Every structure is written in C-alpha cells, then in structure tokens.
Amino acid sequence: MKQPTRDAAGKVTPHDHEEIANDDLLIRRIDPKQHVVPDENLNCRRLSSKAFQPSSHEGGGMSVDIQKLIESEGLDPAIYTTSPKYLGSIRFTAGAARAANLLVGYDPLPENPHHGEVWGENRPNRFSRTQQKAICAASTWLVSVPGVLIVDF
C-alpha cells in the first residue's frame with residue numbers, strides 16, 4: 001500500500017486513502033476497561049460511545065486495523081487484533097465510515113504495519129454523535145467480549 005504523507009513531526013496527514021475500498025473491513029480493538037459500560041435501561045453490558053470515538057490528541061483519529069493487510073501476510077485477523085489488553089474487536093466497512101462523512105486512511109506504525117485511522121473531515125479528532133452512531137450501527141463482532149452487546153447508546 002502506498003505510504004501516506006507525513007508532516008514535519010512524522011505524523012500522518014489525515015486523508016482518504018484511495019487503496020482502501022469501500023468494502024474493505026476495518027477492525028477496532030476493544031479494551032473492556034475503556035470500551036464497555038453497564039446499561040441499566042437495557043439491563044446489559046454494552047460498548048460505550050468511547051469505542052466509536054477518535055483519540056483526543058490533536059489531529060488523531062480513531063485507530064483501526066485494515067483487515068486485508070493482515071490477511072495479505074497470511075495472518076488471522078481475530079488472533080492479530082486480540083491481546084491481553086484487547087479482549088475483543090469489532091469491524092465495519094470503510095464505506096460505512098465514508099457514508100458518515102469520515103476519512104479512512106492508512107497509518108502504518110513500526111509495531112503495526114496494518115494500522116489505519118478514521119478521521120473527521122474538518123476536525124480530524126472529533127466525530128459527531130451521528131457519526132459515532134453510524135459506525136456503531138455498521139459494526140459487528142470479529143471477536144466478541146462475552147456478555148457485551150453492540151447497541152445504540
């Protein structure tokens with residue numbers, strides 16, 4: 001995949017990567033300590049809105065893994081995205097993010113060459129509630145966290 005443009009500090013410039021097709025799957029790792037909350041109205045545990053938000057860092061996006069890049073190396077995405085910290089993972093298409101007016105880009109990291117980001121168009125590290133809900137509605141479990149639902153928040 002073509003390397004993205006970086007600024008003087010080495011950070012990837014928010015962009016919509018042409019080599020990521022709308023039907024490509026994006027994987028969001030789930031940390032139960034950060035992304036799972038009790039829901040008394042539904043009497044369950046569910047993913048919190050934080051699971052569908054970008055980083056608060058300036059210019060930061062929502063961290064994802066690009067499934068086709070993982071698979072191109074013969075790796076199992078379910079195993080690759082699971083660790084002691086990240087017990088589960090959800091996935092949604094790049095097209096679902098783009099339909100919510102979000103940018104989907106490649107952002108390889110030294111420790112994760114399959115890494116990507118989802119950014120807001122005008123404010124990269126801000127998603128509207130509508131955008132968060134759109135990603136939530138488009139998401140399914142890749143590796144489920146037992147007893148946790150993906151439901152509207």
Side-chain angles (χ1 to χ4, degrees), residues 1 4 11-12 14 16-17 19-120 123-153:
M1 193 168 282
K11 290 182 67 174
V12 167
D16 199 43
H17 206 283
E19 294 174 88
I20 300 173
N22 281 338
D23 61 348
D24 285 336
L25 292 167
L26 307 177
I27 302 169
R28 174 77 165 153
R29 298 175 191 220
I30 300 298
D31 175 356
K33 291 180 182 176
Q34 292 185 10
H35 300 136
V36 175
V37 295
D39 188 317
E40 293 178 14
N41 293 328
L42 297 174
N43 196 26
C44 69
R45 293 185 323 138
R46 64 167 173 79
L47 291 180
S48 73
S49 61
K50 188 171 183 177
F52 308 98
Q53 291 177 356
S55 164
S56 60
H57 299 292
E58 185 63 34
M62 182 174 73
S63 182
V64 295
D65 290 282
I66 302 167
Q67 183 168 321
K68 73 177 180 182
L69 297 181
I70 297 168
E71 291 174 337
S72 72
E73 291 190 19
L75 301 171
D76 181 337
I79 294 170
Y80 186 83
T81 59
T82 306
S83 68
K85 179 178 179 180
Y86 299 104
L87 299 180
S89 55
I90 58 172
R91 61 185 169 182
F92 54 93
T93 65
R98 289 180 176 130
N101 296 315
L102 296 168
L103 304 174
V104 178
Y106 181 45
D107 183 9
L109 302 172
E111 67 279 7
N112 183 0
H114 314 108
H115 184 260
E117 297 273 353
V118 177
W119 296 279
R123 298 182 312 175
N125 66 332
R126 301 285 164 105
F127 294 177
S128 71
R129 193 77 156 169
T130 301
Q131 289 169 319
Q132 292 174 39
K133 287 175 176 266
I135 295 170
C136 178
S139 295
T140 59
W141 287 110
L142 173 59
V143 177
S144 64
V145 177
V148 177
L149 303 177
I150 302 173
V151 295
D152 194 13
F153 43 89

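Small disclaimer: the values here were computed from a predicted structure and weren't measured. Numbers here are sequence positions counted from 1.
- Rounding to the nearest 0.5 angstrom, the gap separating the CZ atom in Arg28 from the SG atom in Cys136 is 12.5 Å.
- By the side-chain contact (heavy atoms from CB on, under 4.5 Å) test, Glu117 pairs with Asp107, His115, Trp119, sequence neighbours left out.
- For the pair Ser83/Tyr86, a side-chain contact is recorded, criterion being any heavy-atom separation below 4.5 Å from C-beta on.
- Contact of the Ile90 side chain with the Thr140 side chain is not registered, since no non-hydrogen atoms from C-beta on lie closer than 4.5 Å.
- Heavy-atom neighbours of Asn43 CG from other residues, nucleotides or ligands within 6.0 Å: at or below the threshold of 12.
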Pair Leu25-Leu142, side chain to side chain contact (heavy atoms under 4.5 Å, CB included): steps then yes or no: CA-CA 10 Å; Leu25 292 167; Leu142 173 59; over 6 Å; no

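- You'll find the side chain of Val148 stays beyond 4.5 Å of the side chain of Pro32, heavy atoms only.
- Asp16 and Val104 make their closest contact through OD1-N, 2.9 Å (heavy atoms, listed as atom of the first residue, atom of the second, distance).
- Listed for the Arg45 side chain is a donor-acceptor partner under 3.5 Å among the backbone atoms of Pro146.
- The shortest heavy-atom contact between Asn125 and Ser56 is ND2-O, 3.1 Å.
- Closest heavy-atom contact between Gln53 and Ser49: CG-O, 3.3 Å.
- Within a 6.0 Å sphere centred on CD of Glu111, heavy atoms belonging to other residues, nucleotides or ligands number more than 12.
- A pairwise comparison of heavy atoms in Ile20 and Ala94 identifies CG2-CB, 3.8 Å as the closest pair.
- Checking each of Gln67, Glu71, Glu73 against His114 for a side-chain hydrogen bond (donor to acceptor under 3.5 Å, both in side chains) leaves exactly one that passes, namely Glu73.
- At least one side-chain heavy atom of Leu47 sits less than 4.5 Å from a side-chain heavy atom of Phe52.
- A 4.5 Å side-chain heavy-atom check between Val118 and Leu103 finds every atom pair outside the cut-off.
- Here the closest non-hydrogen pair linking Ile30 and Ser89 is CG1-CA, 4.0 Å.
- For the atom pair NZ of Lys85 and NZ of Lys33, the computed distance is 9.0 Å after rounding to the nearest 0.5 Å.
- Proximity of a side-chain donor or acceptor of Asp39 to a complementary backbone N or O of Cys44 within less than 3.5 Å is not detected.
- Contact of the Met62 side chain with the Ile135 side chain is registered, since non-hydrogen atoms from C-beta on lie closer than 4.5 Å.
- Counted within 6.0 Å of NZ on Lys50, heavy atoms from surrounding residues, nucleotides or ligands total 12 or fewer; the atom is thus considered open.
- Taking all atoms of both residues into account, the shortest heavy-atom contact from Ser128 to Gln131 is N-OE1, 2.7 Å.
- The aromatic rings of Tyr106 and His17 sit perpendicular to each other, their planes meeting at more than 60°, with 30° as the lower class boundary.
- The backbone N or O of Phe153 sits less than 3.5 Å from a side-chain atom of Lys133, completing a donor-acceptor pair.
- The structure places CD1 of Ile27 at 5.0 Å from OG1 of Thr81, a figure rounded to the nearest 0.5 Å.
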Can you check side chain to side chain contact (heavy atoms under 4.5 Å, CB included) on Glu19 and Asp24, steps first, answer last? CA-CA 10 Å; Glu19 294 174 88; Asp24 285 336; over 6 Å; no

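- You'll find the side chain of Pro38 stays beyond 4.5 Å of the side chain of Arg46, heavy atoms only.
- When atom types are taken as modelled, the side chain of Arg91 and the backbone of Ser139 share no donor-acceptor pair closer than 3.5 angstrom.
- Side-chain contact check for Leu26 versus Ile66: some heavy-atom pair is nearer than 4.5 Å.
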